[in-house]
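Quick notes on the structure that follows.
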Amino acid sequence: MSQTEGVGENTRAGGASAGTATASAEPRLTVRCQFCLTWNRVLASRVADRPKCGHCARPILLDRPLPLDEESFERTVTESEVPVLVDFYADWCGPCKMMAPSVDRLAAAYTGRALVAKLDTDRAQRTAARFQIRGIPTTIVFSGGREVARQSGALPYPALEGMLKSRA
């Protein structure tokens with residue numbers, strides 16, 4: 001079975017082989033390759049195996065926060081079948097920098113059970129406005145494409161984990 005399944009224009013990667021019924025029931029993450037910008041669907045159970053892009057074969061690194069932008073945010077959040085925690089931040093923000101190691105740690109700890117992502121509010125102002133981000137950092141958890149939890153301000157690791165624990 002393939003670790004990634006090409007989505008959209010990328011059909012060279014193939015998909016899950018016609019095999020067991022459980023393969024189609026496994027949750028998948030929908031992510032865009034950071035290198036070639038091709039969309040990939042990755043089996044959540046295989047994320048720790050360091051899957052590769054179905055188009056360019058470079059690694060899709062999901063044991064750290066996945067950078068999102070205006071173009072990738074909606075599809076990643078709505079099509080991923082695991083909870084998605086998004087850290088809305090800015091590079092110049094001191095509290096965001098203080099919280100970053102905890103977000104990194106959470107991504108590693110929840111690899112395959114949730115997707116941890118980051119969205120730079122300076123570069124994605126439309127998305128930040130759509131979610132009424134008034135202060136940063138703001139952390140939002142999405143499940144099934146819908147917001148299920150939100151917290152503003154710098155959070156320690158236990159608080160971030162608490163936002164995901166019951167959902168992942």
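Just so we're clear, the structure is a prediction, and the values are computed from it rather than from any experiment. We number each residue from 1, following the sequence as shown.
Between T30 and S80, the side chains place no donor N or O within less than 3.5 Å of an acceptor N or O (distance only, hydrogens not considered). Using modelled atom types and a 3.5 Å distance limit, the side chains of Q151 and T139 yield no donor-acceptor pair.
Residue pairs meeting the ring pair (Phe, Tyr, Trp, His ring centres under 6.0 Å) criterion with at least one member in residues 63-86, sequence neighbours excluded, are F73-F131, F73-F142. Screening residues 77-107 for ring pair (Phe, Tyr, Trp, His ring centres under 6.0 Å) gives no qualifying pairs among residues at least two apart or on separate chains. For residues 103-126, no pair satisfies ring pair (Phe, Tyr, Trp, His ring centres under 6.0 Å), with sequence neighbours left out.
For the atom pair CG of L106 and OG1 of T111, the computed distance is 9.0 Å after rounding to the nearest 0.5 Å. The SG atom of C56 sits 8.0 Å away from atom CG of N40, with the distance rounded to the nearest 0.5 Å. In this structure, SG in C33 is found 9.5 Å from CG in L61, a value given to the nearest 0.5 Å.
Using a 4.0 Å cut-off between charged nitrogen and carboxylate oxygen, E74 and R130 count as a salt-bridge pair. Using a cutoff of 4.0 Å between basic side-chain nitrogens and carboxylate oxygens, K118 and D104 are not scored as salt-bridged. The residues R32 and E71 are annotated as salt-bridged, a charged nitrogen and a carboxylate oxygen being separated by less than 4.0 angstrom. Between D91 and K97 there is no salt bridge, since no side-chain nitrogen of the basic residue lies less than 4.0 Å from a carboxylate oxygen of the acidic one.
The two residues L119 and L68 come nearest to each other via the heavy atoms CD1-O, 3.5 Å. The shortest non-hydrogen separation linking E70 to Q125 is OE2-N, 3.0 Å. Contact record, A159 with L155: CB-CB, 4.1 Å, taken as the closest heavy-atom pair. Among all heavy-atom pairs drawn from L66 and L62, the shortest one is CD1-CD2, 4.2 Å. Scanning all heavy atoms of the two residues, the minimum distance from V82 to P27 falls at CG1-CB, 3.9 Å.
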Candidate pair V84 and V86, rule side chain to side chain contact (heavy atoms under 4.5 Å, CB included), full reasoning: CA-CA 6 Å; V84 180; V86 181; 3.9 Å; yes
